Amino acid sequence: MLVNMKELLSAAEEGNYAVGSFSVANMEMVLGVIQAAEELQAPIILQIAEVRLKQSPLSVIGPLMVAAAKGAKVPVAVHFDHGKTKEKIGEALALGFTSVMFDGSHLPLEENIAVTKEIMTMAAPYGAAVEAEIGCVGGSEDGSEDIAINCTKPADALRFEEETGVDALAIAIGNAHGNYKSTPKLRFDILEEVERITKTPLVLHGGTGITPEDFVRCAKTGIKKINIATATFDSVENTVRTCYNNHAINGYYDLQAAEVEGAYQNARRHILIFGTDHRYTGE
């Protein structure tokens, strides 16, 4: 069932766990993620980032994501990730996305606050949630840039919360998009301080490569939404490659099944780590 992301994050705060937000690029990935969520009775978020629309046009993938969420047997929010332009954020809202993110992390704090408030005004008539980001998460969503990590200042997080009232806030604590070259050393001191002084559900981007232990610690320390993108794409690619190497693909539908399986296995693994399994009882 299609739900607002605010509902999922509120429940996560009460239950002291994090909800997985899984990036998808085609129907097979959507099917695999939802299969895992239904099997584990887990609420989830389906997302796509604006930078990915060159390969997966929003007018095509968006309605598919919304339709899949509506037909799911578990709560599913549909999220527009790393929105850069008001045009595409508005298009996502019109298509029925229940959450949008404005990524103003590259802007001065004052401008980030101002534009985030404009996005919240856009989202209000749709009843959609809004996520924002302060500090710079390393790397980039599509691997095209090598953005340096700029950790969030706790005082900035408090000011951002007070001036915007945003529904979710992504912070930078040493995390980065893409595959890490070595195990990341997360700044839990920053996370703990931000959690202590703010009330907004926090978001962790760049989840691929973070250890299960660190994921659990984040989920217990204010992080209520964890983005998983690269790991999903890698899992699908690796599953397809393995099936070809094992001569298990004898036609298109075997290929399709391998893609679904790759997305399913990745989502299942992360749902169990995040503690989201069996959080939906059907009530």
Side-chain angles (χ1 to χ4, degrees), residues 3-14 17-21 23 43 45-51 77-94 96-137 141 150-173 175 177 190-207 218-219 221-227:
V3 300
N4 191 294
M5 188 176 77
K6 286 184 281 189
E7 296 176 33
L8 301 189
L9 301 188
S10 177
E13 286 189 306
E14 291 180 16
Y17 60 88
V19 180
S21 193
S23 290
I45 301 165
L46 291 176
Q47 68 176 24
I48 187 165
E50 183 165 341
V51 73
V78 180
H79 176 69
F80 189 61
D81 196 39
H82 286 285
K84 299 286 188 180
T85 64
K86 293 179 183 178
E87 175 194 1
K88 287 301 178 184
I89 290 172
E91 185 179 343
L93 290 166
F97 280 50
T98 58
S99 173
V100 294
M101 177 194 180
F102 169 63
D103 182 358
S105 59
H106 58 291
L107 300 173
L109 184 63
E110 292 77 8
E111 189 175 351
N112 192 356
I113 288 172
V115 180
T116 297
K117 290 168 74 172
E118 292 176 14
I119 300 302
M120 293 183 71
T121 299
M122 288 175 57
Y126 298 92
V130 176
E131 176 185 333
E133 180 178 327
I134 56 173
C136 282
V137 175
E141 191 68 17
N150 180 19
C151 288
T152 302
K153 296 180 178 65
D156 288 348
L158 178 59
R159 178 184 171 188
F160 202 96
E161 174 184 82
E162 291 176 340
E163 296 191 24
T164 66
V166 75
D167 299 299
L169 185 60
I171 62 173
I173 56 170
N175 44 315
H177 295 113
I190 293 175
L191 176 57
E192 289 165 3
E193 179 65 8
V194 173
E195 185 205 21
R196 187 184 69 81
I197 64 176
T198 65
K199 298 178 181 178
T200 306
L202 303 176
V203 181
L204 184 73
H205 288 232
C218 284
T221 318
I223 297 292
K224 298 297 129 193
K225 172 177 178 275
I226 299 177
N227 287 17

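Fair warning: this is a prediction, and the values are worked out from it, not measured in the lab. No hydrogens, no waters, no symmetry mates; every other heavy atom, side chains included, goes into these values. Here, residue 1 is the first one in the sequence, and each next residue gets the next number.
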**From F102 atom CZ to H82 atom NE2, the distance as rounded to the nearest 0.5 Å** = 12.0 Å
**Message:** Tell me whether S10 contacts the main-chain N or O of K6 through its side chain, where contact means a donor paired with an acceptor under 3.5 Å.
**Reply:** no
**Prompt:** salt bridge (charged side-chain N to carboxylate O under 4.0 Å, His left out) with E13: which residues, sequence neighbours excluded?
**Reply:** none
**Item:** Rounded distance [0.5 Å steps], NZ in K225 versus OG in S99
**Value:** 6.5 Å
**Item:** Between T221 and E195, a side-chain donor and acceptor under 3.5 Å
**Value:** no
**Request:** Scan side-chain atoms only and decide if E131 and H205 contain a donor-acceptor pair under the 3.5 Å cut-off.
**Result:** yes
**Complete:** Residue pairs meeting salt bridge (Lys or Arg N to Asp or Glu O under 4.0 Å), one or both in residues 157-169, sequence neighbours left out, come to E110-R159, R159-E163
**Test salt bridge (charged side-chain N to carboxylate O under 4.0 Å, His left out) applied to E193 - qualifying residues, sequence neighbours left out** = R196
**Test item: I173 and V194 side chains (from C-beta on) under 4.5 Å apart, heavy atoms** = no
**Item:** Over all atoms of both residues, closest heavy-atom pair of L9 and P201
**Value:** CD1-CB, 4.0 Å
**Message:** Contact between V3 and L8 at the side-chain level, heavy atoms closer than 4.5 Å - yes or no?
**Reply:** yes
**Request:** List the atom of P154, the atom of I197, and the distance in Å for their closest heavy-atom pair.
**Result:** O-CD1, 3.4 Å
**Asked** Do F80 and Q47 have side-chain heavy atoms sitting under 4.5 Å apart?
**Response** no
**Request:** Taking the side chain as every heavy atom from C-beta outward, state whether H79 and V100 have any atom pair closer than 4.5 Å.
**Result:** no
**Prompt:** Has the side chain of T152 got a donor or acceptor atom that lies under 3.5 Å from a matching backbone atom of A172?
**Reply:** yes
**Asked** What distance do K199 atom NZ and L158 atom CG have between them, rounded to the nearest 0.5 Å?
**Response** 10.5 Å
**Asked** Above 12 or not: heavy atoms from other molecules or residues under 6.0 Å from NZ of K153?
**Response** no
**Prompt:** Do the side chains of I45 and M5 get nearer than 4.5 Å, heavy atoms only?
**Reply:** yes
**Prompt:** Can you find a heavy atom in the side chain of V203 that is under 4.5 Å from one in the side chain of I171?
**Reply:** no
**Prompt:** For A12, which residues count as a side chain to side chain contact (heavy atoms under 4.5 Å, CB included) partner, sequence neighbours excluded?
**Reply:** Y17, V19, K224
Return all side-chain donor-acceptor pairs below 3.5 angstrom for residues 118-128, not counting sequence neighbours, or 'none' if the list is empty.
residue: E118; atom: OE1; partner: K86; partner atom: NZ; Å: 2.2
residue: T121; atom: OG1; partner: K117; partner atom: O; Å: 3.1

**Message:** Just so I know, are the side chains of L191 and C218 near enough to count as touching, which here means a heavy-atom distance under 4.5 Å?
**Reply:** yes
**Fill in**
The side chain to side chain donor-acceptor pair (under 3.5 Å) partners of E192 (sequence neighbours excluded) come to R217
**Message:** Within this structure, what is the OG1-CD1 distance for the pair T164 and I113, rounded to the nearest 0.5 Å?
**Reply:** 7.0 Å
**Asked** Under 3.5 Å, is there a donor-acceptor pair between the side chain of E50 and the main chain of D81?
**Response** no
**Prompt:** Going by atom types only, do N112 and T116 share a side-chain donor-acceptor pair under 3.5 Å?
**Reply:** yes
**Complete:** Heavy atoms of F160 and I134 approach each other most closely as CD1-CG2, 3.4 Å
**Message:** Please report the interatomic distance CG(L109) to CG(D156), rounded to the nearest 0.5 Å.
**Reply:** 5.0 Å
